[in-house]
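It should be emphasised that the depicted structure is a prediction, and the values quoted were computed from it without experimental measurement. All chains are named by letter (A, B, ...) in the order of the sequence lines, taking the proteins before the strands, and each is independently numbered beginning at 1.
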Number of protein chains: 2
Amino acid sequence: MNKPATIKDIARQLNISISTVSRAMRNAPDVNIETRKAVMALSEELNYQPNKLALSLKQKQTHNIGVLVPNLDYVLATMVKGIDEVALEAGYTVMVCQSNESFGREIVNMRRLLDSLVDGFIISVSSETKVFDHFRKIQEKQMPMVVFDRMTPFLQAPGVRIDNEDGGFQATEHLIEQGYKRIAILAGPKNLGISNERLDGYLRALKKYKMKPDQDLIIYCDFNQHYAYLATQELLQMKKRPDAIFTISDRMAIGAMLAIKEKGLRMPQDIGLVGFNNEPVVSLVTPGISSVDQPAFELGKIAAKLFIETMHNESDMSHVEEVLKVKLIVRESSQRIVTKNGRTK
Amino acid sequence: MNKPATIKDIARQLNISISTVSRAMRNAPDVNIETRKAVMALSEELNYQPNKLALSLKQKQTHNIGVLVPNLDYVLATMVKGIDEVALEAGYTVMVCQSNESFGREIVNMRRLLDSLVDGFIISVSSETKVFDHFRKIQEKQMPMVVFDRMTPFLQAPGVRIDNEDGGFQATEHLIEQGYKRIAILAGPKNLGISNERLDGYLRALKKYKMKPDQDLIIYCDFNQHYAYLATQELLQMKKRPDAIFTISDRMAIGAMLAIKEKGLRMPQDIGLVGFNNEPVVSLVTPGISSVDQPAFELGKIAAKLFIETMHNESDMSHVEEVLKVKLIVRESSQRIVTKNGRTK
DNA sequence: TTAATTCCCGATAACGTTACCGGCAACGCT
DNA sequence: AGCGTTGCCGGTAACGTTATCGGGAATTAA
């Protein structure tokens with residue numbers, strides 16, 4: 001009972017050939033019912049487990065999905081959970097690798113998995129990534145690849161994302177409706193798609209209300225709390241400081257909030273604030289921060305479904321792009337006009 | 001260029017045997033320098049990638065580590081990051097599988113990975129798990145296994161955890177020093193080790209200060225925010241309600257905080273609150289919640305190191321148990337006595 | 001010159017599995 | 001009786017790699 005039992009052991013003990021055992025095991029035709037029973041019984045007794053490696057080597061597929069993510073924060077962890085759910089159901093095992101937003105780690109992780117460990121990839125690109133050659137290798141190998149959340153025009157692949165532009169629009173329009181006049185945006189890194197899309201929504205909202213965008217109020221900064229804190233400090237020291245800030249992530253909103261509080265300004269009276277993601281934390285801080293809610297779990301599930309479709313489908317799906325709706329959740333940080341029932345009109 | 005290049009292709013094109021190519025590739029002796037150069041050059045040109053499956057099949061090891069976690073919340077994600085860091089460095093790829101705190105999923109995930117996909121496991125058990133037979137299979141196969149964070153006496157395996165008992169003690173002693181008299185504890189599920197250890201610390205602190213534990217103030221409840229919220233509501237409706245609450249996780253502390261605020265009680269004046277984990281969120285809410293800080297990232301790294309040691313070490317390491325220090329971080333939620341410099345004595 | 005040593009290399013088996021082909025009975029049909 | 005069909009099974013190659021062995025040529029030692 002030391003070495004794990006193999007198909008050969010069963011064949012030898014039953015005095016039949018390994019081919020027959022193999023057939024019996026996977027319910028193939030051309031095998032007598034009695035023989036099958038005997039094989040099943042013995043395999044049970046020997047606690048036989050088919051060797052996945054050998055199988056994968058033979059039929060050149062692993063039934064593993066490589067999931068490449070830049071980190072495992074709340075949103076991505078939720079998405080991964082969605083992926084996991086669907087993948088498991090479909091008989092796939094997922095290998096999650098996080099790159100820590102590092103370009104180098106992203107490449108290393110990818111190459112590792114690429115070496116015949118997975119059948120394909122579900123990817124959300126790192127914010128550091130500006131070059132996409134390593135992903136091309138996946139496509140060269142004809143491997144299925146699905147991108148999610150953070151997409152990029154440089155990759156021809158099916159994908160699913162949220163309507164970032166609309167999210168940016170909803171957030172900005174809401175601030176305008178609340179009477180804010182000088183609305184700043186903390187956009188993320190310049191090369192990140194979601195960053196620019198949310199910025200586009202911001203710009204469209206300004207345009208709709210005939211407000212002129214002010215370059216001084218459009219801040220690009222790294223996707224994290226501390227940089228948002230610093231950027232907000234600078235914003236608040238301007239002669240004509242903004243009276244509202246839209247940050248493209250909740251983490252950044254938290255940073256902004258800290259700077260605002262430190263300055264002694266009140267939300268929403270002195271300054272309005274809206275974030276993005278609707279992470280649990282924004283409803284816990286005081287004041288609660290308005291934020292654009294996105295269906296992260298659902299998005300993960302769709303990503304996995306797309307992957308499986310791509311696997312089983314011969315036709316080119318690289319043009320497929322699912323876009324999920326988002327919805328602004330209004331909280332105290334931006335709600336100046338209060339109606340009778342406590343909601344904005 | 002469609003099919004990936006193999007060692008055979010190189011051999012054929014160079015008119016040498018596959019053995020020689022194999023040797024050349026892995027810097028084995030017995031190969032001429034010229035030959036090696038030629039092999040290297042051609043393998044570069046053909047973009048050759050050794051097939052990990054074949055290699056694993058041959059030498060019966062995969063260089064993969066299966067990491068089984070109950071979820072991917074902040075603390076565990078941080079630990080996984082630590083594992084990842086060390087594992088990658090040592091040439092291992094990690095496969096993260098989350099069980100969603102479900103016993104069934106834990107088993108499914110484990111069996112998947114067990115079928116020759118990984119060389120061993122690093123495990124944090126699900127809170128639902130009361131039976132550990134499935135883990136025994138790992139040991140039967142002589143596979144290395146390391147447990148982390150959530151340990152259990154039912155598994156003989158090396159592990160690393162934090163000093164939960166001391167954490168519970170620090171938190172409770174602090175509350176006592178702040179003059180709280182009726183200190184409740186929201187403990188987690190009864191079968192969870194970390195839950196009981198933190199409770200033990202709580203009890204030891206009470207004993208040290210000659211305070212009698214009150215069974216009505218010891219609440220077992222599920223490890224999540226909502227149940228903590230409900231439990232706190234009940235606590236606050238008692239005739240002799242507690243004047244402080246220690247929750248064994250920050251998520252539960254948040255739930256408690258919500259119930260406390262709803263009741264209109266002030267922290268720390270009317271009631272004190274201390275959590276566990278020191279997640280970022282506790283410093284963001286108002287008032288900031290005191291919490292026991294644990295070195296999650298470090299813990300992950302040590303878990304991975306233990307694993308690698310176990311791999312390379314023939315001797316039995318199942319008795320090894322590393323315990324990491326924790327440290328209470330005091331915030332407004334529990335700080336009644338303020339000294340000149342704003343710290344407790 | 002001969003023997004011993006070193007340097008390279010190739011052939012083969014093996015890891016555990018499946019796919020393909022061929023073959024031998026037994027059976028049914030004309 | 002002869003023929004095709006069906007049911008069942010075994011042998012073999014292959015997936016891509018490494019380990020083991022053996023052996024020939026070249027170099028060195030005696």
Side-chain angles (χ1 to χ4, degrees), chain A residues 2-40 42-43 46-64 112-119 141-143, chain B residues 2-40 42-43 46-64 91 114-119 141-142:
Chain A
N2 213 341
K3 296 282 162 207
T6 77
I7 216 175
K8 284 187 186 172
D9 300 324
I10 300 182
R12 198 177 323 116
Q13 291 197 34
L14 253 48
N15 251 328
I16 57 181
S17 79
I18 54 172
S19 324
T20 307
V21 178
S22 169
R23 272 189 301 255
M25 214 66 87
R26 56 202 152 93
N27 283 348
D30 272 14
V31 43
N32 187 294
I33 181 74
E34 294 302 327
T35 325
R36 174 162 299 154
K37 275 184 189 167
V39 169
M40 290 308 193
L42 187 57
S43 81
L46 295 182
N47 193 20
Y48 167 77
Q49 299 281 27
N51 185 316
K52 275 215 179 125
L53 288 178
L55 206 153
S56 301
L57 177 61
K58 188 89 222 305
Q59 39 203 31
K60 294 176 185 301
Q61 51 171 323
T62 61
H63 274 93
N64 296 333
R112 286 261 173 110
L113 298 185
L114 203 56
D115 298 348
S116 42
L117 279 185
V118 298
D119 293 341
K141 285 204 174 190
Q142 316 267 33
M143 272 193 181
Chain B
N2 213 341
K3 297 282 164 208
T6 77
I7 216 173
K8 285 186 186 172
D9 301 324
I10 300 182
R12 199 177 323 115
Q13 291 197 34
L14 254 47
N15 252 329
I16 57 181
S17 80
I18 55 172
S19 322
T20 307
V21 178
S22 170
R23 270 189 300 254
M25 214 66 87
R26 56 202 152 91
N27 283 346
D30 272 14
V31 43
N32 187 296
I33 181 74
E34 294 301 327
T35 325
R36 173 163 299 154
K37 275 185 188 166
V39 169
M40 289 310 193
L42 186 58
S43 82
L46 296 182
N47 193 21
Y48 167 78
Q49 300 282 25
N51 184 317
K52 275 217 179 123
L53 289 178
L55 206 152
S56 300
L57 177 61
K58 187 89 221 306
Q59 39 204 33
K60 294 177 185 305
Q61 53 171 320
T62 61
H63 275 92
N64 296 334
L114 204 54
D115 298 347
S116 42
L117 280 185
V118 298
D119 293 341
K141 286 204 174 192
Q142 315 267 34

Pick base, sugar-phosphate or nothing for B:Leu53, based on heavy-atom distances below 4.0 Å to the nucleic acid. nothing
Could you state the CD1-P distance from B:Ile18 to D:dT20, rounded to the nearest angstrom? 16 Å
Considering every strand and a 4.0 Å limit on heavy-atom distances, what is the contact class for A:Asp30: base, sugar-phosphate, or nothing? base
Respond yes when some side-chain nitrogen or oxygen of A:Lys60 is under 4.0 Å from OP1 or OP2 of D:dG16, and no when none is. yes
Taking CG from B:Asn27 and P from D:dA19, how many angstroms apart are they, rounded to a whole number? 14 Å
First encountered from the 5' end of DNA chain C, between B:Gln59 and A:Met25: B:Gln59
So does A:Thr6 get a side-chain nitrogen or oxygen closer than 4.0 Å to the phosphate oxygens (OP1/OP2) of C:dG16? no
Quick check for you: among D:dT18, C:dG10, C:dG16, whose closest atom lies nearest to any side-chain atom of B:Ser17? C:dG10
Is there a side-chain hydrogen bond (donor to acceptor under 3.5 Å, both in side chains) between A:Arg23 and A:Ser19 once you walk through the steps? CA-CA 6 Å; A:Arg23 272 189 301 255; A:Ser19 324; 5.2 Å; no
What's the verdict on side-chain contact (heavy atoms from CB on, under 4.5 Å) for B:Leu117 and A:Asn64, showing C-alpha distance, side-chain angles and the deciding distance? CA-CA 10 Å; B:Leu117 280 185; A:Asn64 296 333; 4.1 Å; yes
Go through the structure and list residues passing salt bridge (Lys or Arg N to Asp or Glu O under 4.0 Å) with B:Asp9, not counting sequence neighbours. B:Arg12
To the nearest Å, how far apart are A:Ile10 CD1 and D:dC9 P? 15 Å
Would you name the heavy atoms of A:Ser116 and B:Leu53 that are closest together and state the gap between them? O-CG, 3.3 Å
For D:dC8, take OP1 and OP2 only and decide whether either is under 4.0 Å from a side-chain N or O of A:Asn32. yes
Base, sugar-phosphate alone, or nothing: which one does B:Pro50 contact when heavy atoms must sit under 4.0 Å apart? sugar-phosphate
What does A:Thr35 touch in the nucleic acid at a heavy-atom separation under 4.0 angstrom: a base, only the sugar-phosphate, or nothing? sugar-phosphate
Using a cut-off of strictly less than 4.0 Å, decide whether B:Lys8 has a side-chain nitrogen or oxygen near OP1 or OP2 of D:dA14. no
Provide, to the nearest angstrom, the distance between the CD1 atom belonging to A:Ile7 and the C1' atom belonging to C:dC15. 14 Å
Rounded distance in Å - CZ (A:Arg26) to C1' (C:dC20): 11 Å
Side-chain-base donor-acceptor pair under 3.5 Å for B:Lys58 and D:dT17: no
Touch check for B:Ser116, heavy atoms < 4.0 angstrom, all strands: base, sugar-phosphate only, or nothing? nothing
A:Pro50 to B:Asp115 - nearest heavy-atom pair and separation: O-CB, 4.1 Å
Side chain of B:Tyr48, heavy atoms from C-beta onward: which of D:dG16, D:dT17, C:dG10 has the nearest atom to it? D:dT17
Provide the closest heavy-atom pair for B:Ile10 versus B:Ser43 in the form atom of the first, atom of the second, distance. CD1-CB, 3.6 Å
Please report, rounded to the nearest Å, how far the P atom of D:dT17 is from the NE2 atom of B:His63. 17 Å
Can you figure out which of C:dG16, C:dC20, D:dT17 approaches the side chain of A:Arg23 most closely? C:dC20
Picking from D:dC9, D:dT18, C:dT18, the nucleotide nearest the side-chain atoms of B:Leu55 would be D:dT18
What integer distance in Å separates B:Glu34:CD from C:dC9:C1'? 16 Å
Side-chain contact check for A:Ser19: nearest option of D:dC9, D:dG11, C:dG16 is D:dG11
